[in-house]
Colleague: 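Can you read through this structure? Questions will come right after.
Ligands are counted one by one from 1 in listed order, and the atoms in each one are counted from 1 as well. Residue numbers run from 1 in the order of the sequence given.
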Amino acid sequence: MAIETQPERAQQPGGREPGGALPARPWWMRPAFHTGLIGAVVGYLVGHWLGNFLASGYTQVMNASQNDFAIVLGYVVGTVGWLAGLGVFNDLIRSMLGRPLPTEAEEAGAASGLARYFRYTLNHKVVGIQYLVGMLVYFLTGGLFAMAIRSELLSPSYHVFSSAAYTEIVGEHGTMMMMMMTSVIVGPFGNYFVPLMIGSKRVAFPRIEALSFWLTPAAYIVLLSGLMFGGYPFGWTGYPPLSIQATQGADAYFVAFGLMGLSVTLAGFNIIVTVITHRAPGMRWSRIPIFVWSMLTVSFLFVLAAPVLFGACYMSLTDRTVQTAFFTHSLGGSSYLWQNLFWFFGHPEVYILALPGFGIVSELIPVFCRKPLFGYRISAAGMIGVTLLSFFVWQHHLFDSGINPDMRPVFMLTTEMISIPTGFIYLVALGTFWKAKIRFTVPMLFCLAMYFNFLIGGISGVFLSDVPADTTEHGSFFVMAHFHYTIMGGLIFAFMAGCYYWLPKMTAIKLNQTLGKIHFWIMFVAFNATFLPLFAVGMAGQPRRVYTYASNLQTVNDWVSISSFFLGGSILIFVINFVWSTVIARVREEGNPWRSRGLEWQVSSPPPPDNFDRVPVVLSGPYDYGVKGAPPMADLNPPAGVLAAAYAPSEVEA
Ligand code: HEM
Ligand SMILES: [Cu+2]
């Protein structure tokens, strides 16, 4: 079978007949950020008015102290207005009316330079950079909430915030991080590098990709707006009955989480189809980079898990607005239903956060060890195993909330089993270190730290999957320390490795390596100084989500808080480095500074608009470092005959 890559038609989104240029609009009417904002405000007002109007006949809604219906409709219509203002629906409407679509050149010409980063665009590299900046903003916002939490916990008796405000802040921090950081690697690096790494000009569905990004600012603003309505008192997990009884702030939580669920479903769908259909000739399944394997498997988690979250948020919203009773016990609903739906998404979510991290470190380690990735196939199999198993473990989050006791051993077993494929991925990369001459560059330091941190996170997870241990540690700072080790220590360290490694590719600018090393060491030491003591604090009984604690725990809490300020400061060093290097110093970094074999490094930096001048023909795997006589990974300029032969049926099947 010939691999169908980049069919001609697909090269040109909306391929239209030549001639008939689109009428140009004045700049203030051209869809961009400002028209999006106008659309959002107008949409919110219209939705809010509509909600009040529609609810006016229903006394049970109107007589409640608040009309959630109006708020939710405001958010929803506001989001639609935002997207419409950005121009997301323009091509759809045009093609429904049979009008010509803009050509790629017209799309690109509509805004150039900095302006294109502020508008809906179909170029996967621009979308990747939009995601990168967006994710940094979301991460810094979540981080500020973390600093606020740690400021409050400096003292058990002197309070910076009221207990209610503290709960709001913890909820905002947890939700911002868990919600937005799902895309912290897939968004920037997945969208930017998957096409480059598989030898394609573009992704399968550029419009869907762009839409997935523009939903994220909407989710971010909606979530933050919850603070204006009093926040929500149920942390990041949205448990009823609190979630149904809470005031308007809770609407923001459900709408935002729903929007983000939609965004990642779309993003995953696009990446799956891209990897399956857009590989260059010769890019066999056994040759695709391990990072692409991680993007593919995480995309399956996205499309299978996130719709459940979307549905559950939708049901909560109807409970809150139009008096359905999915989760209201007194009316025949069940709060366990929410717990099951939420964690059916929520556990895969854990691997949504872990797999891309492993993808990055497994991709980088061979480059800096100058050795082939040990056990590439085992690692890919591990990723598939994790993906499948993660749908069979969710009830371990319910061990302590009254599930049928007979189910506990089953879920304890499946949970402990998932450490086997995780172990594959982990140990395989460790095998690459064997007798390697490691180059301790900044990205490599972050990779090594990720391994160290994830080990602690993983081992503490085995304790928590054990029912007797979980019943005592549940709801304590032990759990807190555990998941920060895996997410902050795993995902975020890997994200940093990716930034230092790939930013020179994306911008052709070198980040300052000395500042990078300072950033690394402060972040690594401060991270461990912050979270390691929290295991002990948890075992000593300090509960999560409570703004006070036993006074004998103050010294260690102070230590933790001060360390966490250093941790926050280290992220600032990164931001300063990022801005200083890319805006002020601008030291050019062309070519292939890490001497990587990866396909993405074989083109210029930043890559040309079409990535490759001609469809490349892949000749070997990406990790043949130090292998004598290994051909380059791809022929970027194959003679016409070779390309035709590559598309011809292979000998095996012929
Ligand atoms: C600068 C680094 C960070 C610090 C210092 C930090 C600190 C904290 C603290 C102190 C709490 C507990 C509050 C309490 O229970 O009273 C917390 C909760 C939480 N954090 Fe972080 N955090 C950091 C980064 C992250 C990251 C990167 C993520 C995930 C991507 C994350 C996800 C969460 C979640 C889900 C909760 C639970 C919220 C809840 O109980 O509903 N945090 N964090
Ligand atoms: Cu879980």
Colleague: Enumerate the atoms of ligand 1 whose separation from the nearest heavy atom of R150 is less than 4.0 angstrom.
Modeller: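 Answer for ligand 1: 10 (C).
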
Colleague: Taking heavy atoms and a distance under 4.0 Å, where does F531 meet ligand 1: side chain, backbone, both or neither?
Modeller: side chain

Colleague: Indicate the atoms forming the closest heavy-atom contact of I244 with R320, along with that distance.
Modeller: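 Shortest heavy-atom contact: O-NH1, 3.4 Å.
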
Colleague: Using ring centroids (six-membered ring only for Trp), state whether H519 and Y500 fall under 6.0 Å.
Modeller: yes

Colleague: Please answer whether the main-chain N or O of A246 pairs with a side-chain N or O of Y232 as donor and acceptor at a distance below 3.5 Å.
Modeller: no

Colleague: Starting from atom 35 (C) of ligand 1, which protein heavy atom do you reach first, and at what distance in Å?
Modeller: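 For atom 35 (C) of ligand 1, the nearest protein heavy atom is M178 CG, 3.3 Å.
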
Colleague: Looking at atom 27 (C) of ligand 1, what's its closest protein heavy atom, distance included?
Modeller: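 Result for atom 27 (C) of ligand 1: M488 SD, 3.6 Å.
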
Colleague: Considering non-hydrogen atoms only, spot the tightest contact between L464 and D470 and give its length.
Modeller: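 Where L464 meets D470 most closely, the heavy atoms are O-CB, 3.2 Å.
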
Colleague: For atom 21 (Fe) of ligand 1, which N, O or S atom of H173 is at the shortest distance?
Modeller: NE2

Colleague: Only N/O/S atoms count here: what is the atom of H347 closest to the Cu ion (ligand 2) called?
Modeller: ND1

Colleague: Rounded to the nearest 0.5 Å, what's the gap from CZ on F291 to CG on L364? Could you check?
Modeller: 9.5 Å

Colleague: Looking at side-chain heavy atoms only, is the closest gap between F358 and S294 below 4.5 Å?
Modeller: no

Colleague: Taking only heavy atoms of I487 into account, list the atoms of ligand 1 that are under 4.0 Å away from them.
Modeller: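 So the atoms of ligand 1 that pass are 29 (C), 30 (C).
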
Colleague: Ignoring hydrogens, what is the shortest heavy-atom contact between G357 and M450? Give both atom names and the distance.
Modeller: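 Scanning both residues completely, I find the closest heavy atoms to be C-CE, 3.9 Å.
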
Colleague: Centre-to-centre under 6.0 Å for H474 and F399, is that the case here?
Modeller: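 Judged by ring-centre distance (under 6.0 Å), H474 and F399 do not meet the cut-off.
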
Colleague: Does the gap between the ring centers of W394 and F411 come in under 6.0 Å?
Modeller: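 Aromatic pair counts; centres sit under 6.0 Å.
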
Colleague: Would you please indicate yes or no on a ring centroid separation below 6.0 angstrom for Y549 and F477?
Modeller: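 No.
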
Colleague: Can we call the ring centroids of Y451 and Y426 under 6.0 Å apart?
Modeller: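 Yes.
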
Colleague: Just distances here: any N/O of S564 and N/O of ligand 1 closer than 3.5 Å?
Modeller: no

Colleague: If you count the atoms of ligand 1 from 1 in the order shown, which ones are under 4.0 Å from a heavy atom of G235?
Modeller: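 Matching atoms, with element in brackets: 41 (O).
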
Colleague: For ligand 1, which atoms, with element, lie under 4.0 Å from some heavy atom of R544?
Modeller: 15 (O), 37 (C), 39 (C), 40 (O)

Colleague: To check your reading of the model: name the closest protein heavy atom to atom 14 (C) of ligand 1, its residue, and the distance in Å.
Modeller: R545 N, 3.3 Å

Colleague: Given M177, M181, H484, which one has a non-hydrogen atom that is nearest to atom 33 (C) of ligand 1?
Modeller: H484

Colleague: For Y166, is the nearest heavy atom under 4.0 Å from an atom of ligand 1?
Modeller: yes

Colleague: Mind checking whether F234 has a heavy atom under 4.0 Å from ligand 1?
Modeller: no

Colleague: Quick test: of every protein heavy atom, which one is nearest to atom 9 (C) of ligand 1, and how far off is it to 0.1 Å?
Modeller: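 Answer, as residue, atom name and distance: M480 CE, 3.6 Å.
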
Colleague: What atoms of ligand 1 come closer than 4.0 angstrom to any heavy atom of I149?
Modeller: 10 (C), 13 (C)

Colleague: Is the Y314-F254 ring centre distance short of 6.0 angstrom?
Modeller: no

Colleague: What protein heavy atom is closest to atom 34 (C) of ligand 1, reported as residue, atom name and distance in Å?
Modeller: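 Scanning the protein heavy atoms, the shortest distance from atom 34 (C) of ligand 1 goes to F483 CE1, 3.4 Å.
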
Colleague: Looking only at protein heavy atoms, identify the closest one to atom 1 (C) of ligand 1 and say how far it is in Å.
Modeller: L567 CD2, 3.8 Å

Colleague: Give the contacting part of Y547 toward ligand 1: side chain, backbone, both or neither, where contact means a heavy-atom distance below 4.0 Å.
Modeller: neither

